[in-house]
Amino acid sequence: MASRYDPASFEQKWRSRWKEADLFLTREEPGRPKFYGLEFFPYPSGKGLSVGHCRNYIPSDVVCRTKFMQGYNVLHPMGFDAFGLPAENEAIKNQVHPGPMVERYGDTYRQQMDLIGCSYDWSRSFFSSDPSYYKWTQKIFKLLFERGLAYRKLAAVNWDPVDQTVLADEEVIGGRAERSGALVEKKWIPQWFFKITAYADRLLSDLDKLDWPEGIKNQQRNWIGRSEGVEFTMRVVLPNDAASENPPLQPAEEEVFSVKSPDRGLTMTVFTTRVDTIFGVTFCVLAPEHPLVEKICLGVPEERVEAIRAYQAQAKLLGDQDRLAANREKPGVNTGAFAINPANGEKVPIFLADYVLMTYGTGAIMAVPGHDERDYEFAQAYGLPILPVIAPEAGQLDVELPFPAKDGFLINSGEYSGLSVAEAQLRLSEWLEALEIGTRKVNYKLRDWLISRQRYWGCPIPIMHTQDEEMQTVPDDCLPVLLPEVENYLPPGDGTSPLALIPEFVNTTDRDGRLAQRETDTMGGFACSSWYFLRFADPHNDEAPFSPEKVKSWLPVDCYVGGAEHAVMHLLYARFWTKVLYDAGWIEFDEPFLTLKNQGQVLAQTPYRKPREGEVLSVGQTGIQITFAEAEALPDGEVDWRWARMSKSKGNVVTPEQAAEQFGVDALRVFELFVAPFEAEIQWSNEGMNGIVRFLNRIFRWIDDHRSAWNPNWKNSISQVENSGSTATLRRATHQTIAKVTSDIDRFAFNTAVAALMTYLNSLDDLSKFDRPPHADALSEAIESLILLVAPMAPFSADELWESLGEAGFTYHQAWPKHDPALAAESEITVAVQVNGKLRDTLTLPAGTDGPAMEQAALESKKVQVFLEGKVVRKVIVVPGKLINIVVSDA
RNA sequence: GCCCGGGUGGCGGAAUGGUAGACGCAGCGGACUUAAAAUCCGUUGGUAGCAAUACCGUGUGGGUUCGAGUCCCACCCCGGGCACCA
């Protein structure tokens with residue numbers, strides 16, 4: 001009999017029974033509400049799951065199990081993000097083929113997820129590397145291509161000279177390859193992009209309708225980086241170009257930067273968000289690779305050209321990371337050319353400097369050193385004039401520069417002086433527009449999504465290059481373009497894809513039957529994870545990526561759970577694809593994830609020590625991490641134990657297998673739910689786990705002690721039971737707990753839900769203080785409620801307890817308890833009595849005591865009267881059922 | 001530098017503007033035991049007091065309010081993200 005929590009005796013039994021019964025097969029009964037609970041698509045690493053990863057899966061599982069018991073049709077699927085660089089790199093390291101390797105790793109994940117009791121419908125599972133899945137990834141690529149949202153252009157990639165391979169941006173940290181540690185070089189290769197910038201505005205504005213953590217939404221807003229400003233054209237004059245001294249202003253052109261033939265006068269277009277500072281322009285800056293530089297070189301003296309060329313060469317060598325390094329002095333070069341400020345006709349020098357980026361705005365700026373910190377630094381370095389044109393107060397002339405703030409008034413700005421910044425921005429933009437040299441414009445920091453990888457292990461891009469150098473999509477009936485089975489998939493090292501070395505793959509025929517060559521790039525892993533949540537609704541469809549009806553019945557995802565590290569990449573890409581599919585009419589919603597939750601990490605005690613003589617700590621490093629064996633060997637005082645994120649490299653990982661062995665799965669689950677709020681970090685501790693084991697033990701014992709009272713038909717007879725004494729007390733506790741646990745799970749407050757169950761258990765033990773035990777039906781209600789309320793959190797124990805009552809089947813199939821507010825209501829209220837806001841007494845009064853009666857009882861209190869002596873009562877605040885505050889003052 | 005979070009007992013944490021510290025861990029006292037473990041009961045913010053009780057307490061300083069951990073302003077510290085985007 002189950003008299004204590006002995007997981008070894010029942011866990012495996014229930015795991016097998018759930019499997020035999022296909023317990024978690026998705027129910028699709030008409031007439032029930034639906035709930036789609038999903039966790040981030042994991043890449044199955046060879047290291048397996050730690051109890052840290054479980055923090056993602058357990059809470060989500062609790063919600064899905066609860067929703068099912070509440071009568072929902074629940075979709076709770078799991079699959080694996082198998083394509084991509086992490087898998088390929090690991091396979092290279094192990095000298096195996098990535099396909100079988102990843103499948104093996106996925107199986108391990110699945111076993112571990114089953115171990116911890118996740119309620120996944122495995123019949124819907126897939127790997128993103130399955131041809132039956134990536135066929136449809138290719139189909140969606142074609143849709144993007146056909147809608148003009150996938151294009152190919154020459155672009156710089158991150159090249160790792162040690163590993164001889166291209167790296168994704170996220171594999172480059174601080175300019176160095178994450179794995180090899182080599183300085184990443186720039187390499188120019190034709191690349192595929194998705195035109196996510198076309199959706200920038202919608203991706204930004206639709207954030208407002210999502211129930212996501214504010215921090216994540218903010219990160220996306222920053223990443224998209226919308227800014228409103230003005231783009232306008234400036235005339236460019238060259239030193240030996242006397243003819244162009246005073247030509248008329250040319251109208252603005254459509255293109256981003258307009259370059260005109262020298263005989264008609266050169267112009268440059270700049271973008272600014274601070275058109276109000278236009279009178280403060282003392283120079284202009286072009287990005288080093290700006291096309292106008294070529295024209296300028298034709299009209300400046302030879303020594304200038306040499307300096308320009310030298311600077312361009314130097315700038316080209318620098319990787320982006322070096323360029324963006326903090327606190328770096330700003331190098332640049334004076335071109336010798338000048339721009340004319342349209343506001344005041346002044347001639348200012350044009351510089352080249354790499355602090356201006358060719359990839360943002362027009363690649364050219366008007367520099368206002370008085371009101372921009374970057375321009376200020378540059379002006380100081382090159383001895384350029386710095387002029388104040390905005391002051392905190394109207395008319396104030398002594399402004400401390402740089403003054404970048406936007407709340408101020410114009411000075412030194414001709415007829416615009418005295419206006420506020422906002423007013424001046426409006427008037428000056430209108431003026432530039434009227435002159436037809438400028439236009440208001442919105443720019444985004446967001447860049448197009450670089451999708452191609454010159455690597456083997458990815459979804460092939462379904463494009464053919466014809467003999468006429470056209471690009472054709474592979475016809476639907478030829479999909480999928482299968483990834484060829486090869487022995488050697490190593491990158492060749494020259495920046496081409498390994499697929500390019502396989503003639504049988506490359507050579508094909510185009511739609512007209514002529515010879516053609518396949519695209520040999522593959523898609524980065526983020527493409528595959530941008531639609532997997534749709535496939536789960538209809539995972540075995542071989543006619544289409546999904547049937548619109550099935551997607552309509554399950555999507556959007558009601559609750560999406562994963563780590564905050566995917567705040568921008570995956571979540572932005574998935575939103576983008578969803579909007580494209582919506583625009584194409586494939587689906588009827590344009591946001592995939594209504595609610596998003598980020599779980600906190602799991603930290604473990606990790607040993608560090610102080611640096612020894614001769615050891616130098618790098619910036620930000622506060623100690624030297626040591627192994628547990630080293631820590632053992634050192635004297636206590638020399639080891640500095642800190643909380644650090646669990647990771648294999650730190651040697652502080654606890655696996656779910658270890659936790660299950662030592663404490664049982666249910667203890668693991670309840671611990672992770674209880675020890676801190678869902679979003680917060682938790683600290684792994686064996687003492688904490690022991691506390692949970694104690695709690696589970698007490699549940700088993702209490703139910704064992706009261707099993708003789710169990711009446712399976714209590715629901716039919718309990719309404720006849722007199723509700724008084726210990727029976728009333730018990731039923732009140734039961735119904736209060738049902739209410740609390742239900743609402744806490746609903747709001748992801750699992751820690752307080754567990755606490756409520758612990759409180760409940762304490763009150764069950766207190767029942768022994770009554771002379772008469774509660775009625776057997778009330779006890780039965782308590783037994784059943786307790787088992788069912790813990791079931792989503794500790795499902796193995798719940799089923800074991802349920803069976804120990806003589807009941808058949810699974811708690812998963814029982815209806816979630818409902819609370820009766822009348823039974824939950826307190827018969828007495830505890831009222832706080834304050835004098836001048838300080839607590840002086842608490843009174844116990846019958847529930848429903850009205851305000852005046854409360855006030856009277858408070859004034860009669862002896863403890864209170866002590867504080868009223870010699871005072872005058874000015875006012876009495878009464879919060880019915882809660883509190884009385886008597887405001888007094890000296891007489 | 002900018003943008004988000006967050007500072008509450010020895011520790012993890014709880015608290016729709018209304019009794020701060022629920023619940024748990026650790027500690028202390030006791031019961032059971034030959035003993036220990038386990039279990040059970042009690043106790044535990046600080047200071048003073050035999051006690052009743054009083055005073056002080058939610059990072060710091062102000063403010064709003066009958067009443068502030070909670071709202072507002074300024075600042076300090078910690079964690080995370082972004083970082084020359086004109």
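Values reported hereafter were calculated over all heavy atoms of this structure, with side chains retained and with hydrogens, waters and symmetry mates removed.
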- Message: Taking the ring of A:Phe283 and the ring of A:Phe378, is the distance between their centroids below 6.0 Å?
- Response: yes
- Query: Base, sugar-phosphate, or nothing for A:Gln834, non-hydrogen atoms under 4.0 angstrom?
  - Reply: base
- Query: Expressed in whole Å, how much space separates the C1' atoms belonging to B:C23 and B:G9?
  - Reply: 14 Å
- Note on the structure: Of the candidates B:A86, B:C23, B:C82, the side chain of A:Trp223 sits closest to B:C82
- Between A:Tyr311 and A:Thr335: side-chain donor-acceptor atoms closer than 3.5 Å: no
- Message: Before we go on, tell me: are the rings of A:Trp449 and A:Phe193 under 6.0 Å apart, centre to centre?
- Response: no
- Let me know the distance between CG of A:Asn762 and P of B:U43, rounded to the nearest Å. 13 Å
- Whole Å only: how far is the CD1 atom of A:Ile699 from the C1' atom of B:C23? 14 Å
- What's the closest nucleotide to the A:Thr842 side chain, out of B:U19, B:C25, B:A86? B:U19
- Would you say A:Lys838 reaches B:C56's phosphate, i.e. side-chain N/O to OP1/OP2 under 4.0 Å? yes
- Query: Between A:Phe750 and A:Phe674, is the gap from one ring center to the other below 6.0 Å?
  - Reply: no
- Whole angstrom is fine here: how far is it from CZ in A:Arg226 over to C1' in B:C3? 18 Å
- Message: Quick check on RNA chain B: between A:Ser227 and A:Asn885, whose nearest nucleotide comes earlier from the 5' end?
- Response: A:Asn885
- C1'-based separation of B:U70 from B:G10 [nearest Å]: 26 Å
- Message: If I pick the C1' atom on B:G49 and the same atom on B:A37, what distance separates them, to the nearest angstrom?
- Response: 40 Å
- Query: Does the side chain of A:Arg221 get closer than 4.0 angstrom to OP1 or OP2 of B:C2 through an N or O atom?
  - Reply: no
- Query: Counting just side-chain N and O atoms, does A:Arg694 come under 4.0 Å of either OP1 or OP2 of B:C25?
  - Reply: yes
- Roughly, in whole Å, what's the span from CD1 in A:Ile886 to C1' in B:C66? 11 Å
- For A:Arg701 and for A:Phe271, find the nucleotide of RNA chain B with the closest heavy atom, then tell me which residue's nucleotide is more 5'. A:Arg701
- Does A:His371 reach the main-chain N or O of A:Val389 with its side chain, forming a donor-acceptor pair under 3.5 Å? yes
- Message: Using OP1 and OP2 only, check whether a side-chain N or O of A:Arg698 sits under 4.0 Å from B:U39.
- Response: no
- Message: Rounded to whole Å, how long is the line connecting atom CZ of A:Arg642 with atom P of B:C78?
- Response: 14 Å
- Rounded to whole angstrom, note down the C1' distance from B:C84 over to B:C2. 13 Å
- Message: So, does A:Tyr360 get its side chain near the phosphate of B:A86, meaning an N or O under 4.0 Å from OP1 or OP2?
- Response: yes
- Tell which nucleotide pairs with B:C40, taking only Watson-Crick or G-U wobble pairs whose two distances are both under 3.5 angstrom. B:G30
- How far does the C1' atom of B:G79 sit from the matching atom of B:A68, given to the nearest Å? 26 Å
- Rounded to whole angstrom, note down the P distance from B:U8 over to B:G69. 15 Å
- Between B:A54 atom C1' and A:Lys863 atom NZ, what is the distance in whole Å? 13 Å
- Query: Taking protein heavy atoms under 4.0 Å as touching, what does nucleotides 6-16 of chain B look like 5' to 3' if B marks base contact, S marks sugar-phosphate-only contact and - marks none?
  - Reply: ------BSSS-
- Message: Check this one for me: any side-chain N or O of A:Lys445 less than 4.0 Å away from OP1 or OP2 of B:A83?
- Response: no
- Give A:Arg645 one of three labels, base, sugar-phosphate or nothing, depending on what nucleic acid heavy atoms sit under 4.0 Å from its own. nothing
- Task: Determine the Euclidean distance between corresponding C1' atoms of B:G1 and B:A14; express it in Å to zero decimal places.
- Result: 37 Å
- Using a cut-off of 4.0 Å on non-hydrogen atoms, how would the nucleic acid contact of A:Phe867 be classed: base, sugar-phosphate, or nothing? sugar-phosphate
- Over how many whole Å does the gap from A:Ile884 atom CD1 to B:C66 atom C1' extend? 13 Å
- Message: What is the distance, to the nearest angstrom, from the CD atom on A:Gln219 to the C1' atom on B:G80?
- Response: 8 Å
- Task: Classify the nucleic acid contact of A:Gly691 as base, sugar-phosphate or nothing, counting any heavy atom under 4.0 Å across all strands shown.
- Result: sugar-phosphate
- Item | Side chains of A:Thr752 and A:Asp744, donor plus acceptor under 3.5 Å | yes
- Item | Within 45° cone and under 6.0 Å: A:Arg840 NZ/CZ vs A:Phe867 ring | yes
- Paired nucleotide for B:G45 [Watson-Crick or G-U wobble; both distances under 3.5 Å]: B:C56
- Message: Can you tell me the base-pairing partner of B:G5? Count Watson-Crick or G-U wobble geometry only, both distances below 3.5 Å, and say none if there is no partner.
- Response: B:C78
- Item | Distance between P atoms of B:G21 and B:G46 (Å, rounded) | 14 Å
- Task: Return the nucleotide paired to B:C71: Watson-Crick means purine N1 to pyrimidine N3 with N6-O4 or O6-N4, wobble means G-U with N1-O2 and O6-N3, both under 3.5 Å.
- Result: B:G63
- Message: Testing the 3.5 Å rule here: is there a donor-acceptor pair between the side chains of A:Arg698 and A:Asn762?
- Response: yes
- Between the side chains of A:Asn598 and A:Glu679, does any donor sit under 3.5 Å from an acceptor? no
- Query: For B:U16, which nucleotide is its Watson-Crick or G-U wobble mate, given both distances must be under 3.5 Å?
  - Reply: none
- Message: Closest approach to the side chain of A:Arg840, judged atom by atom: which nucleotide of B:A54, B:G24, B:U19 is it?
- Response: B:A54
- Base-pairing mate for B:G21 - Watson-Crick or G-U, with both contacts under 3.5 Å: none
- Query: Between A:Asp208 and A:Arg221, is the closest basic N to carboxylate O distance under 4.0 Å?
  - Reply: yes
- Note on the structure: The glycosidic conformation of B:G12, counting syn as within 90° of 0 and anti otherwise, is anti
- Provide the closest heavy-atom pair for A:Met689 versus A:Trp684 in the form atom of the first, atom of the second, distance. SD-CH2, 3.8 Å
